[in-house]
Amino acid sequence: MFPLFAIIIGIPAVALLASVLTGGRFGKRLSISSTLATMVLSLYLAASTFFGNFAPSETYGYISALGINLKFAATPFSVVLLLMASIVLFATALSGNPEAEKEGTAGTLILLFQLAAVGIFTARNLFAFFIFWDIGVIALFFMINRLGSSNRKKASYKFLMYEIFASAMLFFGIILLYMTTHSLDIGYITANASSIPLPYQAAIFLSLFVAFMTNMPLFPMHAWLPDAHTEASTQGSMLLSGVLTKFGGFGMLLLFGMLPIAHAYALDTAVAASFSAFYAAFLLLKQTDIKRVIAYSTIVEMGIIMLGVSTLNQFGTFGAVYAMLSHGVTIALLFLVVGVLHYVFGERDISKLRGALSGSKTLSYAFIIGVFATTGIPLTATFVADILIFLGSLGAFGIYSLLPIFTIAVMGWYLYLVIDRSIMNSKNPLPVLNPPGLKQKIGIALLLLAIFAFGVFPFVIIKILKG
Amino acid sequence: MAYDISALPYSILAGSIFIIVLVSAVAKLYNGRKVLFALSSAALIAVVLASYFLFLSGSNTVFLNIFRVYPFSDLFGMLIASLLLLVNIQAFGASGDYNAFLSLFGFASLGMFAVVFASSLLAIFLGIEAMMIATAFMIIIEHRHHVEAAIKLFLMGSVAAAVFAFAIALLLPYDPALSLAAIPGLPGAGKYLISLSLFLIAASLSFEAGIFPFNLWIPDVYEGSPGYMTPMLAGINKKVAFVAMISILFITFGYYVHLFPLLFVALSAATMLFGNLLALVQDNVKRMLAYSSISQAGYIMVGIAVATQYGIESSIFQIFAHAFMVVGAFSIVAWLESRNIKTVGDYAGLASRNWIASLSLTLFMLSMAGIPPLIGFDGKFLLFTSAAYAGMLPLAFFGVINSFISMYYYWKVISSVYSERHKEKLRLTRSVAFSVAVALFMVVIVGIYPQPLISLAGEASRSLLALV
């Protein structure tokens, strides 16, 4: 059989090596072709999972002395998230850098992050999961540190210290799991987790939960996110919000599926997630930088996703995966549009950006549709996701769990205000400094297509998720 | 008597070490730098090959009652010889008096190999002394201003030697031959004498190995040493002390393993924390790395504190890992120091001046911080899981937290390296580039595929424990 996962992981690895050895000269071209190849492969994987019972899995011997294998498999969740990640990565590599600044470095780092993203969503072994996790963190640290705006150093440190704390907690949790089950295979652990003594289960749950909540992020571990997103380059923000936060979400799905003790904590985590969403929604109202507004909307969305994971029923879990899919493409679109708006008009402050609609119709309508998609207007992917999540939480926790809907309302109200005050406001319009390029338009079109495709044909993803 | 062909590897091993000493002896009489360099390097390569062959054959032979060739010593023979080779190449490429270096290098190597292949406490004692004294003089030969570092090392080493001598004297009633063999568990007063001896030996070897609280000399000596000597001090001398520690503790005191956690858990935790906290506030990169190597010694101690076969295996792995990381990192740092680039601020823009050196330094530091998939991560994974297996969860947790702390100062350097742009390029000298390439190979390739080294370490640790 042909080694699908070895190819999916091998492509960015080889491209990365080539890019490093040539000193980054071909970074842009290599990153575009590598992400395109991965997108084609993950579409193929998704299509074959949809049309038939195609569940490939590959195991490679790694450290036999410790009983650690590298196992990769296509679980329903991983197929969907891989699809999302590969679309976002391709759009990022193709169009995220309208200024064409440091393209070699950016391309090389995108390749490094691509390696992490495709690895983490397909790995079925926690050792490999951890390796790819840290590669992803390092790639994005450099992305912020080297390619961001003026305050990038401080933001990148903040990002790093939070993320490395998360990875230390993850490492400790993995050691505990290895100690109690003598295996790091996710399937094996899931099957045997009930034999882990309860105090250990609680310790494992706690350390892994802290790790993933820092990455997602949830209140109170969210402080890195607004700064990191604001200071990162457009590509950095797209990857941070679109893909990196999903590492934590995916980890939460694994954790809640793995440990039986999760049932005991589900209500607590749901309350924490809702609180986090409310907290971020109200902070969002204070922001004047559009990029920062969108950054806070990420925390809101991730809180709702966490609510979905906490329900532990099919509706909520599927909703959480669907929300990660929709949020990934939507937020990438919004960051891309805001980045290009900044390139076109040299401004992204709500009170100063004027005349976007008359200056660039493409960007303005893309932004408006992106806001629609974020707030869950029907026919966009987020609508399906939110419906599923709240159906699930209604079943699991009762009527009060519908309260977080108001966070979407608050967020939506402010985003529509942004559209009204800024995008559609044509008093004293700003001059167009640089017209948006074709590549940027292709990237925007791709992400818009994804938003509507997942919104109009939800049964495709649901069938994949049902396995 | 006919020559038995099966003795050939032993002859090559002994003969090569002898050649190194011989080269050393004639170094000041004969001026041919290149010939002497070629001879000493060839002899070191022969030691590596012969040790590897003997390791594969799994032999366990005692010579003259003071040397023992068995997988544990073969493995470290390989490690020490290959690291010595790197140091030799760097010294040859450096501007100093190579012949003077070589005249002491042989005696230092002899001491190291005596420790590694020892089967007697006296061999270990003499080996460590030969190594320490030769090293102290090697620090001075390049320039007078290194004398402070040399004296510090010499004085500390002398105190340690006195303590060591006292400790083995306590063992004399129980083993008049002072051979490296297990002392049986004793009742009553004997038990306390043995315990005292154990603690004293641990203390004296802690000087060389840089274990808290005997590690205050390390940053000063590392900082004050010439470029090629810092990799040797951190990468070889320290590791030889660990080899001595592991072999004495687990062979001679093999029946007192239950005492190890009592002593070493606290020492290892304190060493990690001490090194990391002081490294946080350093501005000079060489000093920072010196403190970081103290904290790495703390990680190595975790495996000794755990005192299981898995723990020893992890420690051996981490000794290998750290040796190559630190030799690579110190080679680059020393090369930069010779161009007057010393503080974190001076490192700004290094990436635009020499991207290969910057990338290598980044990888070495990431590896020390325990970022996968580099070798330092594998070592930490082994060490902390071994602690968790032995029921020492707090120690494992403490280690994880410490590697989180250490991230901060490594990133300070990395971030500085990639910050500004600099017009003027820097070229790596060939000898430094070679060391860095070898170290990088180990850090990246063995890091991605650690299985061979883990199984080597496993075999070595089993052969060590089989002696008890």
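Computed from a prediction, not measured in an experiment: that's the story for all the values here. Naming: A, B, ... by sequence-line order, numbering from 1 per chain.
For the residue pair B/D346 / B/T343, a side-chain donor-acceptor distance below 3.5 Å is found, with atom types taken as modelled. Side-chain polar atoms of A/D134 and A/S167 form a donor-acceptor pair below 3.5 angstrom.
There is no contact between B/S403 and chain A, counting heavy-atom distances below 4.5 Å. Only the side chain of B/I454 comes within less than 4.5 Å of a heavy atom in chain A; its backbone stays farther off. For A/L160, the part lying under 4.5 angstrom from a heavy atom of chain B is the side chain only. Residue contact with chain A, scored on non-hydrogen atoms closer than 4.5 Å, is absent for B/S416. With a threshold of 4.5 angstrom between heavy atoms, B/W355 approaches chain A through side-chain atoms but not through N, CA, C or O. Of the atoms belonging to B/Y310, it is side-chain heavy atoms, and not backbone ones, that fall under 4.5 Å from chain A. Proximity to chain B (any heavy atom under 4.5 Å) is shown, for A/V20, by both the backbone and the side chain. Contacts of B/S455 with chain A are absent, with no heavy-atom separation under 4.5 Å from either backbone or side chain. With a threshold of 4.5 angstrom between heavy atoms, B/I414 approaches chain A through side-chain atoms but not through N, CA, C or O. Both the backbone and the side chain of A/F130 come within less than 4.5 Å of a heavy atom of chain B. Only the side chain of A/Y200 comes within less than 4.5 Å of a heavy atom of chain B; its backbone N, CA, C and O stay farther away. Only the side chain of B/I401 comes within contact range of chain A, judged by heavy atoms closer than 4.5 Å.
Aromatic ring centres of A/Y162 and A/Y157: separated by at least 6.0 Å. The aromatic ring centroids of A/Y178 and B/F381 lie less than 6.0 Å from each other. If you look at B/Y418 and A/F142, their ring centroids are closer than 6.0 Å.
Chain A forms the most heavy-atom pairs under 4.5 Å with one residue out of B/Y408, B/F404, B/F384, and that residue is B/F404. Chosen from B/G458, B/P450, B/P452, B/A351, the residue pairing most often with chain A at heavy-atom distances under 4.5 Å is B/P450.
Using a 4.0 Å cut-off between a side-chain N of Lys or Arg and a carboxylate O of Asp or Glu, A/E103 and A/K28 qualify as a salt bridge. In summary, A/K71 and A/E58 do not engage in a salt bridge, as defined by a charged side-chain N under 4.0 Å from a carboxylate O.
Around the OH atom of B/Y389, the shell of radius 6.0 Å holds more than 12 heavy atoms that belong to other residues, nucleotides or ligands.
For the atom pair CD (A/E231) and CG (A/N145), the distance works out to 11.5 Å, reported to the nearest 0.5 Å.
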